[in-house]
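First up is the structure itself, then whatever we jot down about it.
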Amino acid sequence: MIDYAIVAENAVIGENTKIGARPEGMEDISGWGVTVIGGGVKIGAGVSVAPKAMVETDIAAEEVLVK
């Protein structure tokens with residue numbers, strides 16, 4: 001699922017990923033922001049990327065990125 005994210009060209013998003021979040025679903029709205037996935041970045045299957053994260057390097061499968 002991808003919510004409130006910018007995904008640049010040639011990025012590859014694996015199956016069962018969770019990228020970003022809807023602001024109304026956040027307990028603490030100060031942690032919300034648009035997630036950005038850089039060009040050519042590969043996000044592995046099952047990865048969870050936090051709202052407001054800026055991803056510039058590949059993330060292996062099953063990792064959780066909180067930035």
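Side chains included, hydrogens not; waters and symmetry mates left out as well; all remaining heavy atoms used. Fair warning: this is a prediction, and the values are worked out from it, not measured in the lab.
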statement: Sequence neighbours excluded, the answer for side-chain contact (heavy atoms from CB on, under 4.5 Å) partners of Ala11 is Val7, Ile37
message: Listing request: all ring pair (Phe, Tyr, Trp, His ring centres under 6.0 Å) pairs with a residue in residues 3-38, at least two apart in sequence or in separate chains.
response: Tyr4-Trp32
statement: Test side-chain contact (heavy atoms from CB on, under 4.5 Å), reference Ile43, set Val12, Val55, Ile2, output is Val55
- prompt: Near Met1 CE, under 6.0 Å, is it more than 12 heavy atoms from other residues, nucleotides or ligands?
  reply: no
message: I need the full list of ring pair (Phe, Tyr, Trp, His ring centres under 6.0 Å) pairs touching residues 35-61, with sequence neighbours left out, sorted by first then second residue.
response: none
- request: Grab the two heavy atoms, one from Val41 and one from Thr57, that are nearest each other, plus how far apart they are.
  value: CG1-O, 3.4 Å
- prompt: Of the non-hydrogen atoms in Met26 and Pro51, which two are nearest, and what is the gap between them?
  reply: SD-CG, 3.8 Å
- line: Residue pairs passing the salt bridge (Lys or Arg N to Asp or Glu O under 4.0 Å) test with at least one member in residues 24-47, sequence neighbours excluded, are Arg22-Glu24
Distance-only donor-acceptor pairs under 3.5 Å for side chains of residues 14-21, two or more places apart:
unit_1: Thr17; atom_1: OG1; unit_2: Gly14; atom_2: O; d: 3.4
unit_1: Lys18; atom_1: NZ; unit_2: Gly20; atom_2: O; d: 3.4

